Amino acid sequence: MDARLNLFENRTAAKMLIYVTSAGKVITDSALPNATQQLVALRASQINGCGFCTDMHTKDAAVAGETQQRLNLVAAWREATVFTEAERAALELTEQGTRIADAAGGVSDEVWAKAVKHYDEDQLAALVCLIAFMNTVNRLNVIIRQPAGDYQPGQFR
């Protein structure tokens, strides 16, 4: 299966990806814990049906030391006992921030308050930016049907 459009070879798309990638670097370099970043990226990708990003973040998280058990349970995090309260707050914020169209009020005050309890302002900014970033790249990949399965950990560094 081939993608409908090669984002790296198309001049317009490649130029835009330079900016998107730069934004992503700001997030990865932030004080938001790497494990949280990987879990959030994976959960948003699962919700959006982005196979490419699901493959990428599962592999990158494993290389970074994430356990297979936790990776397997991200989609069912509410019932899983392997996530910290801070991670659970981030995952819930991710779900509401990704499913905006499904939630009439967007992100609830209750979910925001849980996140505020566990993350400082800079970490919250990184978390919100990460959720928005993942929704952007997920949509790019889903629209062009970017194939999944061939990603190599660290491929885009």
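Keep in mind that this is a model prediction, so the values were computed, not measured.
- Side chain of E9 to backbone of N6: no donor-acceptor contact under 3.5 angstrom is found.
- When side chains are defined from C-beta on, S30 does not count as touching Q123, because their heavy atoms never get closer than 4.5 Å.
- Around atom CD of E110, no more than 12 heavy atoms belonging to other residues, nucleotides or ligands sit under 6.0 Å away.
- Neither V142 nor V20 shares a network with the other; the hydrophobic side chains, linked directly or stepwise wherever heavy atoms of I, L, V, M, F, W or Y lie under 4.5 Å apart, form separate groups for each.
- Few gaps surround CZ on R4; more than 12 heavy atoms of other groups in view lie less than 6.0 Å from it.
- Taking CG of L124 as the reference point, atom CG of L93 lies at 8.0 Å (rounded to 0.5 Å).
- Separation of atoms NE2 (H57) and CD (Q46) is listed at 11.0 Å; rounding is to 0.5 Å.
- Between E92 and R78 there is a side-chain heavy-atom pair separated by less than 4.5 Å.
- Using a 4.5 Å heavy-atom threshold, the side chains of M134 and V137 count as touching.
- P147 and F52 make their closest contact through O-CD1, 3.2 Å (heavy atoms, listed as atom of the first residue, atom of the second, distance).
- Here N135 contributes atom CG and R139 contributes atom CZ; the two are 4.5 Å apart, rounded to the nearest 0.5 Å.
- Distance alone, capped at 3.5 Å, places no donor-acceptor pair between the N138 side chain and the C50 backbone.
- To the nearest 0.5 Å, atoms CZ (R11) and NZ (K15) are separated by 7.5 Å.
- The two residues A75 and R43 make their nearest non-hydrogen contact at CA-NH1, 3.8 Å.
- Hydrophobic clustering keeps V26 apart from L127 (ILVMFWY residues linked when any side-chain heavy atoms are closer than 4.5 Å, directly or through intermediates).
- By the criterion of side-chain heavy atoms lying less than 4.5 angstrom apart, applied directly or through intervening Ile, Leu, Val, Met, Phe, Trp or Tyr residues, F8 is grouped together with M56 in one hydrophobic cluster.
- Note that the CG atom of L42 and the NZ atom of K59 stand 13.0 Å from one another [nearest 0.5 Å].
- If you chain together hydrophobic residues whose side chains sit under 4.5 Å apart, I47 and I131 never meet in one group.
- Counting heavy atoms from C-beta outward, V128 and W112 have side chains that approach closer than 4.5 Å.
- The main-chain N or O of L32 is never found under 3.5 Å from a side-chain atom of T36 such that the two would form a donor-acceptor pair.
- With contacts defined as side-chain heavy-atom distances shorter than 4.5 Å, the pair L39/E66 qualifies.
- Nearest heavy-atom pair across K114 and H118 is O-CD2, 3.0 Å.
- For the atom pair N141 CG and N48 CG, the distance stands at 10.5 Å (nearest 0.5 Å).
- Looking only at distances, no side-chain donor or acceptor of T58 sits under 3.5 Å from a matching main-chain atom of D55.
- Neither V40 nor L71 shares a network with the other; the hydrophobic side chains, linked directly or stepwise wherever heavy atoms of I, L, V, M, F, W or Y lie under 4.5 Å apart, form separate groups for each.
- Side-chain contact check for L140 versus M16: some heavy-atom pair is nearer than 4.5 Å.
- When side chains are defined from C-beta on, D60 counts as touching Y151, because their heavy atoms get closer than 4.5 Å.
- Remark: E87 engages R70 in a salt bridge (Lys or Arg N to Asp or Glu O under 4.0 Å) (not counting sequence neighbours).
- Looking at W77 and V82, their side chains never come closer than 4.5 Å, going by heavy atoms from C-beta outward.
- Under a cut-off of 6.0 angstrom, the local environment of CG in D109 is sparse, with at most 12 non-hydrogen atoms contributed by other residues, nucleotides or ligands.
- Considering only residues two or more places apart in sequence or on other chains, F83 meets the ring pair (Phe, Tyr, Trp, His ring centres under 6.0 Å) condition with none of them.
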